[in-house]
Amino acid sequence: MRLATPLWVLAPALVLVPVFGLLPGLSHGGGWELIGQFAWAAVTPSLDPLVLGSALQGLGVTVGIALLGWAASLVLGLVLGLLSSRTVWRTLSGNAWPAEVIRRLLALPRAIHELLWGLLLLALLGLKPAVAIAAIAIPYGALVARMTSDLLDALPTRQLEALRAAGAGPIGALLTALGPPLMPQVISYGGYRLECALRSATLLGVFGLGGLGAELRLTLQSLNFRELWSGLWLLLAVMLSLEGLLGALRQRWAMPQRFVLSQGGVGRRGREMVLAGVALVPLLVGVARVLEVDPLALVQPHPLPPAPPVDWAGVAALPWPSLITNTLVLTLTAAALAVGGAPLLLLAVRPWGWGRVLVQLLWALGRLWPPPLTALLLLFVVQPGVLTGALALAFHNLGILGRLLLEASEAGGDRAGRTPAEQALEASGSGARLALLYGRYSSVASSYLAYGAYRADVILRESVVVGLVGATGLGSQLLEALSSFAWDQIAALVLAYAGLTLLGEDLSDRIRQRLLAQQHTSSSATSAIPGSPAADALPA
Amino acid sequence: MRVRERLTAVLAGLSLALLPAVVSPMPPAALAQNSPQPAQQRGLKVLRVSAIPDQNPEKLNRLYGLVATELSKQLGVSVKYVPVTDYAAAVSAFRTGDLDLVWFGGLTGVQATLQKPGARMLAQRDIDAQFYSVFIANPKSGLKPIRSINQLSELKGKRFTFGSESSTSGRLMPQYFLSQAGVKLKDFAGGAPGFSGSHDATIALVQSGAYDAGAVNEQVWKANLRSGKANRSKVFQIWRTPPYPDYMWLAQANLDQRFGKGFTTKLQKAIVGWKPSDPEQKQILVLFGAQQFTTVNPAGYKQIEQVGRQIGKIR
């Protein structure tokens, strides 16, 4: 039996059946009073000038770290991306193998979550703003590099060959032939990375690397919900404005959307783009000065204390099978919940106009709210464990996936987001939900699931952040090792994480390729480049 | 048109490529021009004070704001409170010299001393030489107050949470007493204990029923009872541990070189000299929950070090 295309999108939501089956047994309900207080605090946030002042200050630090980390990652990523592009190497030196080597080397920094980078760098270098910035710049840089090189190598090389044949120099030919089609995609992707950087900077704060995240965690732990919401609302305002601004710029500059990388033109209003780029520079310098960032701090590591002898027996004695199994179960559950949950929620509220707005607000909160804090909140009503961690991760990723789904599926739609096909279905008498399913989901099914596969890979990396809730996976073991300064265990655990992530990446690549190939043969509704790394080009 | 677009695309690329060149030279340039004198001396003259985040941030901010003002007044140097969100981060920041004077717990203090030989334990509260933890439970767990350490074995099979991984009163010593009663970490429900992150969170989580039982710092427990945040009908004490040494002020070894000869002694005298008769100092003492500070006998922390090694938190 073959499932109808639109239903594919909903298939992952089947995980809800076991989850709902398990939840009643896990919930203890003791903390509903606290959850009530938490919800009430949302509408009565503290307006104490002291609280607001300190939240604003924290927010400033978070935004500053995000901006600087993002800028550094773009620069790093573009340079490394060029260095790991086969086309570039072939044009410049005739050999493509150095590109392969660099590409493989870059897999390691990418496989390690920014939080891990943060905690490792913190332990090595101490508490400095540059640490948080580097923690974002390193993994993001490696991601941008991969995206850039994938895009570059997927571009048709006819123009390049023609230019070379006509006698143009290698660098000039590369710039002329590949620069224009590459730039809009890189800029568009770069914009999305900034949104991600803001989320990462908040999360880093939760673990003590400065900024608003720290206040969110401390106010939550001490149950000061009203103070918590003051910070949260401010952060929400900043996040939504940033998303709005980037969306508007993308539209104004005719940049490709994230889901479907159309082979569009170069983009419009080049001068504006250049001006915006130039205006960024003094802004970044200003932010760096205010935060007292000293990049030199990164190259002056403080000597580690004399290391205790490596205790291999201790490392081997860690419960590896259960650590890895738990981490994988956590990842898959969270991924399925997030991927299947987004379309399901939209479908559920489809008949009501305000439902969409409500769901969007929920998703915005999900994106905004760092998963470890969701996990802590969940603990008030649910028992600790893998499922609790999975729910927390799922909520965060649901916010990200849901927004993408809306963005992609409503392109070209009317004010309520209905696409022409959907409107036609509704006009011909089918119900709103059915019209949504067949009129909208069917056209985005493959690319959405392809993105979902990529997201699962991100969730695996992210599973470290819910170590807090005693999810008993690699994440919690790693936090324990970090607090014991057990460098042998830390190294082993980080390597285990990197290995798992690389395997997961490979797997999700294969799934994605299959889905995209399927999409190419089965539908021409979307204009993804065949065999292109469309979903690779997507942000973490 | 196309030419212009290409040009702008290239320019955009160039401006992005030039970004690091513009951003990164800034601090080195600043270093070359204005420092070494002003920038570094400014860094030298600020005494950076911090504390492990064992309480709610509002209280930490209030308390250490007062401490900074008071020390600055008494010592004539500028004092800055640097909040830290994580126990291990505080230890790392002390090792790398980013913090000068830190209010550490027993375990973190010993970790920091071992990682930064020469660090000086300046002072502790009157209550720290004999500090206690309490085990607390939710009434629904069926647990009853216990009389002897061996009865801690009743916690086997229960959902149990510690505070922070590195907390002395919320983890290290409770785990030690549990092991004396034959309770291993994997004996708890779910195969592992939880780590709530702070004493306040432990109390809230046990009160909510997320965990059947937990271990907290007695001082924070009493404060929660007084403030009404802990509801006696939903969470109650089942056992008080034997005493052990806990918190301390730990100072870097190089303060005399940086702030002038005799500075460390001056600092120690200032802290130990805080009296309830002075209104500001009284506020500090009240927030610390102490009558006064005393000097420290470092030998007392040998026990903490031993337990730390036994449990694997010190290596």
Side-chain angles (χ1 to χ4, degrees), chain A residues 28-31 34 71 74-75 78 122-123 125-128 175-176 179-180 183 187 207-208 214-215 217-219 221-224 227 266 270-271 273-274 277-278 281 284-285 288-289 293-296 302 305 308 376 379-381 383-385 468-470 472 479-480 482-486, chain B residues 4-13 15-17 19-20 22-24 26-28 53 55-58 61 82-89 92-93 95-98 111 114-115 138 140 159 165-166 190-195 197-198 200-201 204-205 207-211 229 312-313 315:
Chain A
H28 52 77
L34 282 173
L74 278 191
V75 173
L78 278 178
L122 176 72
L125 301 172
L127 204 59
K128 302 181 172 70
L175 267 180
T176 316
M183 233 35 221
I187 295 181
F207 286 84
E215 304 203 11
R217 171 168 167 189
L218 290 175
T219 45
Q221 274 181 346
S222 52
L223 312 181
N224 290 329
E227 281 87 346
V266 180
R271 257 184 233 165
M273 273 188 244
V274 175
V278 170
V281 174
L284 290 170
V285 174
R289 270 180 198 265
V293 177
D294 178 11
L296 286 183
H302 294 262
L376 266 181
L379 280 184
F380 290 135
V381 284
Q383 291 170 17
L468 275 181
V469 295
T472 64
L479 291 181
E480 170 75 14
L482 276 164
S483 78
S484 308
F485 302 92
Chain B
R4 215 181 75 191
E5 282 172 350
R6 262 184 209 164
L7 190 71
T8 47
V10 170
L11 272 177
S15 76
L16 278 173
L19 226 129
V22 187
V23 176
S24 60
M26 185 275 294
Q55 310 215 14
N56 73 56
E58 173 215 334
N61 280 324
V82 183
V84 181
T85 340
D86 187 79
Y87 284 59
S92 290
R95 174 176 66 77
T96 55
D98 292 314
Q111 281 178 334
L114 290 172
Q115 294 193 15
N138 185 298
K140 286 188 195 148
R159 295 190 306 279
E165 282 100 341
S166 306
F195 290 99
S198 80
D200 287 313
L205 288 169
Q207 177 160 322
S208 81
Y211 291 96
K229 273 200 169 177
K313 300 307 290 178
R315 297 156 60 90

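Side chains included, hydrogens not; waters and symmetry mates left out as well; all remaining heavy atoms used. Note that the structure is predicted; figures quoted are calculated from it, not measured. Chain A is the first sequence line, chain B the second, and so forth, proteins listed ahead of strands; every chain is numbered from 1.
The heavy-atom pair separating A:Leu34 from B:Ser208 by the smallest distance is CD1-CB, 4.3 Å. Nearest approach of A:Ser483 to B:Lys313, heavy atoms of both residues: OG-NZ, 2.5 Å. Nearest heavy-atom pair across B:Gly197 and A:Arg217 is CA-NH2, 4.4 Å. Across every non-hydrogen atom of A:Phe485 and B:Ser92, the tightest pair is CE2-OG, 3.7 Å.
With hydrogens and angles disregarded, no donor-acceptor distance shorter than 3.5 Å links the side chain of B:Glu165 to the backbone of A:Leu482.
With a threshold of 4.5 angstrom between heavy atoms, A:Leu122 approaches chain B through its backbone and through its side chain.
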